[in-house]
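See below for the structure under consideration.
Predicted model only: the values in this text are computed from it and were never measured. The chains referred to below are lettered A, B, ... by the order of the sequence lines, with proteins before strands, and numbering in each begins at 1.
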Amino acid sequence: MAGGAPARPYLSGLNPEQRDAVESLEGPLLVLAGAGTGKTRVLTTRIAHILSTGRAYPSQILAVTFTNKAAREMKERIHSMVGDAVEGMPWLGTFHSIGVRILRRHCELVGLKSGFTILDTDDQIRLLKQLLAAENIDEKRWPARLLAATIDGWKNRGLSPDLVQPGEGATFANGRGQMLYAAYQARLKALNAVDFGDLLLEGIRLFREAPDVLADYHRRFKYLLVDEYQDTNVAQYLWLRLLAQGSRNVCCVGDDDQSIYGWRGAEVDNILRFESDFPGAKVIRLERNYRSTGHILAAASHLIAHNAGRLGKTLFSEGVEGEKVRVTGAWDSGEEARAVGEEIETLQRAGHALSQIAILVRASFQMREFEDRFVTLGMPYRVIGGPRFYERAEIRDALAYLRCVQSASDDLAFERIVNVPKRGIGDATLKQIHDLARAAALPLQEAARTLTESEELKPKVRATLRGLVQSFDRWRVQARQVPHTELAEVVLDESGYTEMWQKDRSAEATGRLENLKELVRSMEPFENLQGFLEHISLVMDADKGAGEDAVQVMTLHSAKGLEFDTVYLPGWEEGLFPHQRALDEQGKAGLEEERRLAYVGLTRARLSARVYFASNRRIHGLWNSTLPSRFLDELPDPHVQVEESKGGFGWGGSSYGARTSGESRFDRTTPFASTYDTPGWQRAQAARTGSGNSSSGGFSERGRPFGRGAGGAPVIEGTLLAASTGPKSAFAMGERVFHLKFGYGQVTDIDGNKLTVLFDKAGEKRVLESFLEKV
DNA sequence: GCCTAGCCGATTTTT
DNA sequence: TCGGCTAGGC
């Protein structure tokens with residue numbers, strides 16, 4: 001086979017480094033893949049290469065990602081290269097889904113029974129609340145959330161209760177943290193349940209305590225691949241290292257400059273240490289960027305160069321220089337949103353696809369202002385992130401019902417729905433059920449049954465509780481007779497759950513009912529209820545409405561791995577970005593992670609990156625005067641263009657031209673001199689709203705100083721508007737031009753900064769001048 | 001057992 | 001400023 005060297009079409013089109021990364025199959029390999037350097041392509045091609053050279057069967061490849069989305073995409077891309085062979089890759093998935101898969105096969109070895117349940121954060125917190133109550137710990141002072149986070153932190157670091165340092169265990173509830181952790185683990189075992197952290201931790205324990213099991217996996221996995229290695233935490237690292245000790249053919253792909261999840265346990269150290277962890281490891285750097293234009297790449301590279309402790313990469317591109325990174329100051333967050341909204345309208349009129357425009361914010365509260373603006377403008381937008389489908393209350397309630405049907409011993413599920421919809425079974429009754437359950441060592445459902453057979457409950461409560469228990473009995477019988485989707489409908493109807501939302505007059509109720517229908521629909525591909533439930537806790541994200549043409553609004557964190565033609569980066573102000581808390585809690589490390597976040601933001605842009613900052617922002621309801629982010633000063637002059645916000649009031653600082661040494665480009669040169677209730681401000685407010693009512697605005701009573709300096713742009717709106725109409729086009733009719741996406745073409749019409757170009761390949765398009773290069 | 005007024009806290013998020 | 005959660009009244 002090797003001699004015949006059949007044509008390998010998938011290898012063509014790879015650059016030399018990428019090709020090296022694909023073909024270096026033996027031994028440990030670290031691929032340092034900068035932003036936009038074709039990392040996913042390398043991973044998927046490598047798998048295709050392993051398969052098509054016959055070095056391993058699909059079932060002998062372990063490929064791990066962090067998110068289901070990444071796993072799905074990888075699967076799709078491999079499929080497009082090697083076809084159905086990918087169907088035989090059971091070990092392509094997230095750390096957690098592979099973790100469960102392994103645990104399910106050997107659960108008895110770690111003290112779990114088959115069919116154990118996986119708790120999500122919500123269940124986890126309810127469990128911890130019970131523990132805290134049992135220990136008489138004031139939940140006000142020591143919230144269950146905090147304990148959950150602490151325990152998660154320990155699990156992320158691979159620490160079981162006995163390994164937690166006594167000093168650390170003392171941090172929660174006056175030294176009872178460790179004890180609570182141990183108690184929590186004991187409760188989980190009793191419930192035959194695990195949480196997300198356990199999926200890895202118990203796996204590690206399994207491998208350590210059952211060497212023959214580990215050896216079996218060593219024989220099985222000939223090749224291991226890990227995506228986003230910079231995001232792995234200690235537990236994932238340990239888990240992986242144990243598995244990789246077999247073949248040692250482990251390939252980790254990542255970018256230390258894009259490590260932005262330190263706060264949830266990711267250890268950049270894992271990637272920095274790779275070479276010492278895996279002696280003889282080969283390191284390949286992917287530095288050729290295929291995504292962004294020259295100015296954007298240069299700006300991002302200079303920014304990230306301010307971080308110490310990097311492995312260091314120098315990204316370069318062979319593309320056009322493109323447009324400079326634009327930095328725009330706005331007076332306040334409202335003006336920021338208005339300016340962005342206006343720009344997007346212009347782009348839209350020029351034929352720019354809205355789905356190729358993204359607004360990336362540091363914190364989700366920033367989204368609101370943009371949403372409000374878009375609603376006013378009638379601009380289609382889509383918020384990415386937020387509560388996911390399976391996290392919604394109605395979905396979890398529905399799932400809890402189904403879990404109760406599936407397993408009469410699922411206490412957490414029973415507890416969740418015993419009084420949803422309200423049936424008059426309150427805390428007092430629940431406590432009785434609990435007490436009996438504990439005393440008789442029964443599941444809650446059985447304890448409830450026993451209780452209804454006694455005289456202890458009031459007749460009314462007794463009847464409803466008995467009704468519920470009998471319903472579950474009935475549904476369990478039906479589960480064996482009707483398809484699981486039908487069963488779900490029956491359960492939701494007969495339990496009164498659907499009715500509860502039908503009666504609800506609130507705005508969200510219709511959406512919730514929709515979601516319930518969607519849930520039932522999503523059950524269809526599964527064979528039975530059990531199969532569905534096993535899957536649901538780990539893999540359930542509805543990627544609905546991805547196709548529509550709308551502006552994408554999301555946090556910087558959720559933008560990682562994505563790319564857009566035009567990216568807006570608002571809110572670059574000290575305190576917000578870098579975020580004050582990151583600085584307070586993590587110091588220099590926090591600052592560097594924030595800087596990586598800025599780097600991630602900039603490198604999402606293909607053609608245009610537009611940074612904004614506001615001089616005034618409302619935080620927790622109070623107006624604060626803010627300073628431009630230090631990151632702005634770290635953007636190199638030659639690649640940046642600084643502007644005042646159009647059609648507004650600017651940011652109130654000096655003009656940016658005169659920068660003397662040591663001084664920020666954005667330092668204010670004039671001290672605060674005025675207040676919100678100056679005639680100028682009121683006139684401006686009136687002009688802006690068009691109402692002419694000078695008492696509108698609502699800021700005046702605060703009497704905050706504002707920083708409009710004499711050196712700033714003119715205050716009168718009209719002046720700036722006139723200026724923003726812009727100079728004549730730099731292009732001439734008939735001129736040859738280049739566009740990064742459409743290629744070469746000829747200018748056929750000029751309308752301000754919007755040009756019509758007849759492209760050689762793409763035909764006639766209306767495009768913005770800034771996307772064009774002279775040739 | 002349910003309803004509602006007041007209090008507290010308010011980055012980032014996957015599984 | 002706003003929303004989620006808790007305690008206390010009915």
In whole Å, I'd like the distance from the [atom1] atom of [X] to the [atom2] atom of [N].
X      : N      : atom1 : atom2 : value
A:F577 : B:dT11 : CZ    : P     : 16 Å
A:I433 : B:dG1  : CD1   : P     : 10 Å
A:I260 : B:dT14 : CD1   : C1'   : 12 Å
A:R596 : B:dT12 : CZ    : C1'   : 13 Å
A:Q236 : B:dT15 : CD    : C1'   : 9 Å
A:E369 : C:dC2  : CD    : P     : 12 Å
A:K458 : B:dG1  : NZ    : C1'   : 9 Å
A:D227 : B:dT14 : CG    : C1'   : 14 Å

Under-4.0 Å side-chain N/O to phosphate OP1/OP2 contact, [X] with [N]:
X      : N      : result
A:N68  : B:dT15 : yes
A:S97  : B:dT15 : no
A:N156 : B:dT14 : no

Checklist entry - Between A:R581 and A:T429, which has a closest nucleotide on DNA chain B that is more 5'? => result A:T429

Checklist entry - Mapping A:E391 and A:I425 to their closest nucleotides on DNA chain B, which lands nearer the 5' end? => result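 Looking at DNA chain B, the more 5' nearest nucleotide goes with A:I425.
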
Checklist entry - With A:E415, which residues qualify under salt bridge (charged side-chain N to carboxylate O under 4.0 Å, His left out), at least two apart? => result none

Next on the checklist: My understanding is that only residues two or more places apart in sequence, or in another chain, count here; which of them pass salt bridge (charged side-chain N to carboxylate O under 4.0 Å, His left out) with A:E135?
Outcome noted: none

Checklist entry - For A:G571, does its backbone N or O pair with a side-chain atom of A:E336 as donor and acceptor, under 3.5 Å? => result yes

By a 5.5 angstrom centroid cut-off and a 30 degree plane limit, is there stacking between [X] and [N]?
X      : N      : answer
A:H557 : B:dT12 : no
A:H620 : B:dG9  : no
A:W263 : B:dT12 : yes

If you check every side-chain atom of [X], which of [options] has the closest atom?
X      : options                : result
A:A582 : B:dG1, B:dT11, B:dT13  : B:dT11
A:F196 : B:dT15, B:dT12, B:dA10 : B:dT15
A:T555 : C:dT6, B:dT11, B:dT13  : B:dT13
A:R264 : B:dT11, B:dC2, B:dT14  : B:dT14
A:K422 : B:dC3, C:dT6, B:dT12   : B:dC3
A:R368 : C:dT6, B:dT11, C:dC2   : C:dC2
A:R618 : B:dT13, B:dC2, C:dT1   : C:dT1

Is the Lys NZ or Arg CZ of [X] less than 6.0 Å from the centre of [Y]'s six-membered ring, within 45° of the axis?
X      : Y      : answer
A:R104 : A:F116 : yes
A:R617 : A:W623 : no
A:R373 : A:F370 : no

Under 4.0 angstrom, heavy atoms only, what part of the nucleic acid is [X] near: base, sugar-phosphate, or nothing?
X      : answer
A:D195 : nothing
A:E585 : base
A:Q124 : nothing
A:D427 : sugar-phosphate
A:T121 : base

Checklist entry - More than 12 non-hydrogen atoms from neighbouring residues, nucleotides or ligands closer than 6.0 Å to CZ on A:R145, yes or no? => result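 It does not: A:R145 CZ has 12 such atoms or fewer within range.
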
Checklist entry - Which value, in whole Å, describes the distance between the C1' atoms of nucleotides B:dT12 and C:dC5? => result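 Here B:dT12 and C:dC5 have their C1' atoms 23 Å from each other.
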
Next on the checklist: Roughly how many Å apart are C:dC2 and B:dT13, using the P atom of each and rounding to a whole number?
Outcome noted: 22 Å

Item to check | Anti or syn - B:dT11, cut at 90° from 0 | outcome: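 Syn, which is what one calls it when the glycosidic angle falls within 90° of 0.
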
